[in-house]
Amino acid sequence: MTSSQAEAALDTQNRPVPRPGVLDIAPYIPGKSKATGGATLHKLSSNETPLGASKQAIAAYSDLSKVLELYPDGSASALRQAIGEVYGLNSDRIICGAGSDEILSLLAYAYLGAGDEAIYCEHGFLVYDIAIRAAGATPVVAPEIELTANVDAILERVTPRTKMVFLANPNNPTGTYLPFEEVRRLHAGLPASTLLVLDAAYGEYVRRNDYESGMELAATSENVVMTRTFSKIYGLANLRLGWGFGPAHVIDALNRIRGPFNVSGPAIAVGIAAVRDTVFVEAAVAHNDIWLPWVTQQLEALGLSVTPSVGNFVLVHFPEQDGKRAVDADRYLLERGCVLRLVGNYGLPNALRMSIGTEEANRTVVDHLKAFLQA
Ligand SMILES: *Cc1c(COP(=O)(O)O)cnc(C)c1O
């Protein structure tokens, strides 16, 4: 025992101790926001949009500065109404949260406890692991095939203890997706008492005929919830706003345990303006439609392998060669102002995730990687 371990052991007898499991949680590691060099910073580490936010959304935000002393509407009803109108959903079955991360945590707290299991996929979003453990339940990881969720592997792991299945579709950090036939097959194979959580944080970006975000399944089933976020395509990550849509009984349970004012007034006002600005969203999709394939092709032309992505980011795999690995590329890019994301904690030690940026950012990263590989 080192002296600091001995100190810690002694200390736990004289201080509050978290519930079992809390200290087993690996803290979430956010993407870096600073480079170590370079004149211009290109932050491509957190799948933020390069297009900023809608002008109407920004105007709504500054209007709210006049009423900061007032509590917001605790049920965010005007925002739920606006989302319901734009997406064609019953607003009574929508819940808003401080980011979709809050919705994911509320789901875990409401439905999971000690002795329960919840399944997520091998390279799935790590917030699921945190939410499951924080609720006292046990995460069960289903292996993937070719970095894609595997319905059979998920269903094989269902036991009478399985209360929840988390599926990011498309998934972060891989960018892969399940066609909706497969999502339906997954749902059909789950017990009625298991809640299927479909996280469609990147749903707006997907251009595939066989993709659906899960809205209809959530509208017509008693055990499916879909979550969405304002952080990605709407360019509002800093505001913290997300929502979930599901059966009335699930929304009712979440409303009972959430904070009474979990969404701020600025977030409500900005969310209303943003969701109504469909022209802004279309422009963001159009930008991605140009630059996602461009970045993919350019990186492949450099000899790198890129996992086919339907989101606003790509997963890039590096050579198993000293000096050319993902950590080396990451360091090289950071020194030149480009911040990407190492994903070793996702079981992908030799890959970098790159968000699709501005034309300048995309070209700069490709140029630097070309030089890096040739050096
Ligand atoms: C970014 C992301 C979210 C959104 O998180 P917020 O809390 O809404 O910012 C949710 N799920 C996945 C898979 C993501 O990548």
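Counting convention: from 1, in listed order, for ligands and their atoms alike. Numbering starts at 1 and runs along the sequence shown. The figures here come from the full heavy-atom set of this structure, side chains too, leaving out hydrogens, waters and symmetry mates.
Considering M354, R336, Q298 in turn, M354 is the only one that fulfils the side chain to side chain contact (heavy atoms under 4.5 Å, CB included) rule with V365.
The nearest pair of heavy atoms linking L340 to R353 is CB-O, 3.6 Å.
A donor-acceptor contact closer than 3.5 angstrom is absent between the side chains of Y202 and N171.
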Donor-acceptor contacts, no H, no angles, side chain residues 98-112, under 3.5 Å, sequence neighbours left out:
unit_1: E102; atom_1: OE1; unit_2: A98; atom_2: N; d: 2.6
unit_1: E102; atom_1: OE1; unit_2: N262; atom_2: ND2; d: 3.1
unit_1: S105; atom_1: OG; unit_2: D101; atom_2: O; d: 3.2

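Counting non-hydrogen atoms of other residues, nucleotides and ligands closer than 6.0 Å to CD of E181 gives a total of 12 or fewer.
Side-chain atoms of S221 do not come within 3.5 Å of backbone N or O of V224 as any donor-acceptor pair.
When heavy-atom distances to ligand 1 are checked against 4.0 Å, the residues falling inside are G99, S100, D101, F125, N172, D199, A201, Y202, T229, S231, K232, R240, ordered by chain and number.
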